[in-house]
Amino acid sequence: MMPAEAIVEARGVGKTYDGGVEALKDVSLALSRGRLNTLLGPSGCGKTTLLKIIAGLIPPSRGEVWVKGKKVDGPGPERAFVFQDFALLPWANVLRNVAFGLELRGMPKEQRDDLARKQIAEAGLSGFESSYPHQLSGGMRQRVGLARALAVDADIILMDEPFASVDEQTRRKFQEELLDLLRHKQKTVIFVTHSIEEATYLSDQIVLLSPRPGTVSKIIHPNIERGGRNPDEIRRDKNYLDVVDEIWQILKHYVV
Amino acid sequence: MTLFGKKIPIFFSLVIWFIVWELIGQAKLSTIIPPFSRVVVAGITILPTEKFSTAASISLRSFAIGMAFALVTGIPIGVMMARVESLSKILGMWVNIFVSAPISALVPILMAVVGIGETTVVVTVLLFAVFVIILDTQVGIKQADKSLVEMARSFGARRYQIYTKVLLLSALPEILAGVRLGAIRGVKGVVIGQLLIAILGVGELFELYSKHFLMEEFWALVIIVFMFAFTVSEAIASLERYVEYYASTR
Ligand SMILES: Nc1ncnc2c1ncn2[C@@H]1O[C@H](COP(=O)(O)OP(=O)(O)O)[C@@H](O)[C@H]1O
Ligand SMILES: [Mg+2]
């Protein structure tokens, strides 16, 4: 695969929380534009922390993050976040939730509702515009969360274990949809997961993090040949299985 | 019996109490307890009088003004206490003392400071109502889902948007519960304030009836005040149930 221009860069990022927990240590990485990048590592290794630092939601203790040539000092319109716990407003219906990012930007109601309706349709949620989050399944809630992130038309989508709380069938369906989405839109995705298979299956680049304090232990480019093959064929592919095994050989030393 | 739906049991127990009251009254056990039927008649007689409507409107006005002040001070103070650690350290102790303190004891001091008049009653209502509103608002904001705030920030929310579009709505069930408790206390505040001053509104009527030993009118007025407090509280409670429905998955 051709090397692509870095859209997100971390330089020597470290994070020590107030209580003294050192979550990240000297993380440097470059993430390519238009690609799906995964942060993979054992739980508690600082994946969420790193993602939130890139999002500008928490400041790093050391080092800096650059996004599109600008140093991050807070959230920005070129980045949108998909939360692990969905973070939907319980008192707002699907339409208002999907339009919420646009509402915060002060877009007139009619215009933002139009945009939100398009995203809702693309997410396969047509007919649920006036449903409330508690009336939806976990999978549907996550679709709402993704639609909200896509509605603001950010270049970079940050996803924190988005498929962690849905069942396996839905998870695989989501994975296909995500790959589809990337084929049609020029989005850069930074995807957090603790599933080796998921990371290998989806990613152009995998950043493997060591246990706490998280450091970059290896960067892997799976280079899986997709070309019209169906998901099951890909999962039997020798290259795919080799990458899964390579990551497992590293991660298994981290299991206590 | 399903004729009146769920209302039957409550209605039934009330009926039983009224019958007991009627029997005690008819038995002439005590001069301060007239039969319930005579109290009802007295109530029907005093309701349309001008004396009552004047007293009621003075009382209602004090209640409304006092509650309005309690809301516009209580909710912001509660919000700030939840968000600013140092403020909650400074004010928290006092709010907790005053929420359970016998505020009535302060009314004579108030009378000395602000004089004997409507202002005293308004301040009494405020003091009765405000602390529970502060406390419940603080709890509601503190319990608000942190990840919703983070979500709003990630989409570039400004500070005021985080308050208006996330925190206040998120805390609405608790705030309404505080307002309901505050309103009930506020009714107590009006009555106690006016009783102690004894020259205003419903308090003046209470004073008049008890001085002339008009026990039927006295109890009728008590029931009217109870019914008012109950109606206000039920109105807020129905608003709460409506809000709870949308907040059910918090
Ligand atoms: N707000 C916080 N305050 C203190 N420690 C935290 C905070 N958030 C996370 N941590 C700690 O930092 C470490 C990394 O957390 P996190 O980034 O959530 O890991 P991961 O997402 O990889 O599971 C964990 O040990 C966690 O307990
Ligand atoms: Mg995490």
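In what follows, chains are A, B, ... by sequence order, proteins preceding strands, each numbered from 1. Note that the structure is predicted; figures quoted are calculated from it, not measured.
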- Task: For A:Glu110, look at atom CD and say whether over 12 heavy atoms of other residues, nucleotides or ligands are found less than 6.0 Å away.
- Result: no

- Item | Contacting region of A:Arg148 [heavy-atom separation from chain B under 4.5 Å] | both

- Task: Specify the closest pair of heavy atoms between A:Leu104 and B:Ala152, including all atoms of both residues, with the distance to one decimal.
- Result: CD1-O, 3.7 Å

- Okay, A:Phe100 and chain B: the region with an atom under 4.5 Å from a heavy atom over there is side chain

- Tell me, yes or no, whether the heavy-atom count around A:Tyr17 atom OH, taken from other residues, nucleotides or ligands under 6.0 Å, exceeds 12. yes

- Task: Report, by ascending residue number, the residues of residues 48-74 of chain A in heavy-atom contact with chain B at a distance under 4.5 Å; give 'none' if the set is empty.
- Result: A:Lys52, A:Gly56, A:Leu57

- Apply side-chain contact (heavy atoms from CB on, under 4.5 Å) to the pair A:Leu89 and B:Met151, showing each step before the final yes or no. CA-CA 10 Å; A:Leu89 304 172; B:Met151 181 275 291; 3.8 Å; yes

- Item | Heavy-atom pair with the smallest gap, counting every atom of B:Ser147 and A:Asp85 | OG-OD2, 2.9 Å

- Note on the structure: Cut-off 4.5 Å, heavy atoms of chain B, and the answer for A:Leu88 is backbone

- Item | Trace of the side-chain contact (heavy atoms from CB on, under 4.5 Å) decision for A:Glu103 with B:Phe155 | CA-CA 10 Å; A:Glu103 179 182 338; B:Phe155 285 104; over 6 Å; no

- Select one option (side chain, backbone, both, neither) describing which atoms of B:Glu150 are under 4.5 Å from chain A's heavy atoms. both

- Is the count of non-hydrogen atoms from other residues, nucleotides or ligands lying under 6.0 Å from B:Phe18 atom CZ greater than 12? yes

- Tell me, side chain or backbone of A:Phe83 under 4.5 Å from chain B's heavy atoms, or both, or neither? side chain

- Task: Supply the atom-to-atom distance B:Arg153 CZ to A:Phe81 CZ, rounded to the nearest 0.5 angstrom.
- Result: 11.0 Å

Return all side-chain donor-acceptor pairs below 3.5 angstrom for residues 66-87 of chain B, not counting sequence neighbours, or 'none' if the list is empty.
unit_1: B:Thr73; atom_1: OG1; unit_2: B:Phe69; atom_2: O; d: 2.7
unit_1: B:Arg83; atom_1: NE; unit_2: B:Tyr163; atom_2: OH; d: 3.3

- Evaluate whether atom NZ of A:Lys25 has more than 12 neighbouring non-hydrogen atoms of other residues, nucleotides or ligands under 6.0 angstrom away. no

- Message: Could you check whether atom CZ of A:Arg105 has more than 12 heavy atoms from other residues, nucleotides or ligands sitting under 6.0 Å from it?
- Response: yes

